[in-house]
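Keep in mind that what you see is a predicted model, and the values were worked out from it rather than measured.
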Amino acid sequence: MPGPVLLVIAHGSRDPRHAATVHALVRRVRARRPGLRVETGFLDFNLPSVPAVLKSLAAQGVRDVVALPLLLTRAFHAKADIPAVLHEAPARLRIRQAEVLGPSPLLTAALERRLYEAGLSPADKSSTGVVLASAGSTDPEAIAVIAEIAREWRRTGWCAVRPAFASASLPRTEDAVRELRSLGCARVAVAPYVLAPGFLPDRIARGAAEADVLADVLGAAPEVARVLLSRYDEAAAPALTAAVGA
């Protein structure tokens, strides 16, 4: 029996690279789970909008939907924006909001993948300091999560790992790069903890000007697709259990 439709909810951006990256990730998700119907909706700037997708699904007779925020931390969008949009969905839809993607060991593995693709190797870990550069948030819970990811990642063998933020919080990427230099790390790498290119990732890249290595955004990394499907499965489980028992 097919599970609920997966609706991936992305923020949206005026930067066309953002939507292109979201669609590439969704294609990877579909390839990993061919029997799953996956739709994409955007909160702003891009089409289709989330309300338009929900209205279309309801018109097609869909009943169960898992709405998955394409977000790395549980901040304002996950706590307020997305629930508000889902609350206005057609009444016939049963919608479960999945958890955000992070934190997850799979995302940490994706960060390392991007660093190695940018030129580092596992042998470089002990002499390399890493800036874990996220978009930033005014939400203390989200900031604390980024700091904890950095602490945990440091324990895997890096010279040091420092969090940095492109907006709303400090330190900035360039300041974290300089701090790692002052600690004596032989090289400094910047790992953007962001899903898709755009305004804030570009700010991270500018802040990485003095670093030795700048990794790409997480994008359509296979680990991101895996954690996305894991969050879907967690949210879909009650609907599948009910269907089997019916």
Side-chain angles (χ1 to χ4, degrees), residues 1-13 18-19 21-107 109-110 139 141-142 145 194-196 218-246:
M1 178 175 295
V5 171
L6 168 56
L7 172 58
V8 175
I9 300 180
H11 183 274
S13 171
H18 175 89
T21 302
V22 170
H23 291 312
L25 175 59
V26 169
R27 286 195 297 272
R28 187 179 285 275
V29 169
R30 288 185 179 127
R32 291 188 65 90
R33 192 75 63 85
L36 175 62
R37 180 174 177 182
V38 187
E39 301 291 341
T40 307
F42 295 90
L43 291 174
D44 207 352
F45 301 116
N46 302 106
L47 296 175
S49 68
V50 175
V53 175
L54 293 171
K55 183 177 179 180
S56 175
L57 290 173
Q60 295 169 44
V62 170
R63 293 297 303 275
D64 290 297
V65 176
V66 167
L68 194 150
L70 201 58
L71 300 169
L72 295 173
T73 57
R74 184 172 163 74
F76 181 78
H77 292 304
K79 294 177 178 179
D81 280 0
I82 292 175
V85 170
L86 298 179
H87 183 71
E88 298 300 322
R92 69 168 287 117
L93 294 176
R94 293 187 293 251
I95 303 175
R96 293 170 175 81
Q97 182 175 330
E99 289 296 328
V100 298
L101 300 181
S104 167
L106 285 169
L107 295 178
D139 189 309
E141 177 188 349
V145 166
V194 293
L195 284 166
L218 294 172
E223 295 87 355
V224 179
R226 286 173 59 196
V227 73
L228 195 156
L229 283 168
S230 175
R231 296 289 185 256
Y232 167 82
D233 290 338
E234 293 163 3
L240 293 172
T241 301
V244 170

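The nearest pair of heavy atoms linking V50 to G41 is CG2-C, 3.7 Å. In terms of heavy atoms, L101 sits closest to R231 at O-NH2, 2.9 Å. The shortest heavy-atom contact between L68 and L228 is CD1-O, 3.3 Å. Residue E99 comes nearest to R74 through the heavy atom pair OE1-CD, 4.4 Å, listed as atom of the first residue, atom of the second, then distance.
Judged by distance alone, with hydrogens and angles left aside, the side-chain atoms of N46 form a donor-acceptor pair with the main-chain N or O of S13 at under 3.5 Å. Here the side chain of R28 pairs a donor or acceptor atom with the backbone of A220 at under 3.5 angstrom. Looking only at distances, a side-chain donor or acceptor of R30 sits under 3.5 Å from a matching main-chain atom of V38. In this structure, the side chain of R92 engages the main chain of G61 through a donor-acceptor pair within 3.5 Å. R37 places no side-chain N or O within donor-acceptor distance of the main-chain N or O of V5, the cut-off being under 3.5 Å.
Under a cut-off of 6.0 angstrom, the local environment of NZ in K55 is sparse, with at most 12 non-hydrogen atoms contributed by other residues, nucleotides or ligands.
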Check the pair T40, V22 against side chain to side chain contact (heavy atoms under 4.5 Å, CB included), reporting the backbone distance first and the verdict last.
CA-CA 8 Å; T40 307; V22 170; 3.8 Å; yes
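Remark: I95 CD1 to I82 CD1 distance equals 12.0 Å, nearest 0.5 Å.
Remark: R96 engages D64 in a salt bridge, criterion side-chain N to carboxylate O under 4.0 Å. Using a cut-off of 4.0 Å between Lys/Arg side-chain N and Asp/Glu carboxylate O, E223 and R226 are scored as not salt-bridged.
Side-chain contact check for P51 versus E88: every heavy-atom pair is 4.5 Å or farther apart.
The aromatic rings of F42 and H23 sit perpendicular, their planes meeting at an angle over 60°, well past the 30° parallel limit.
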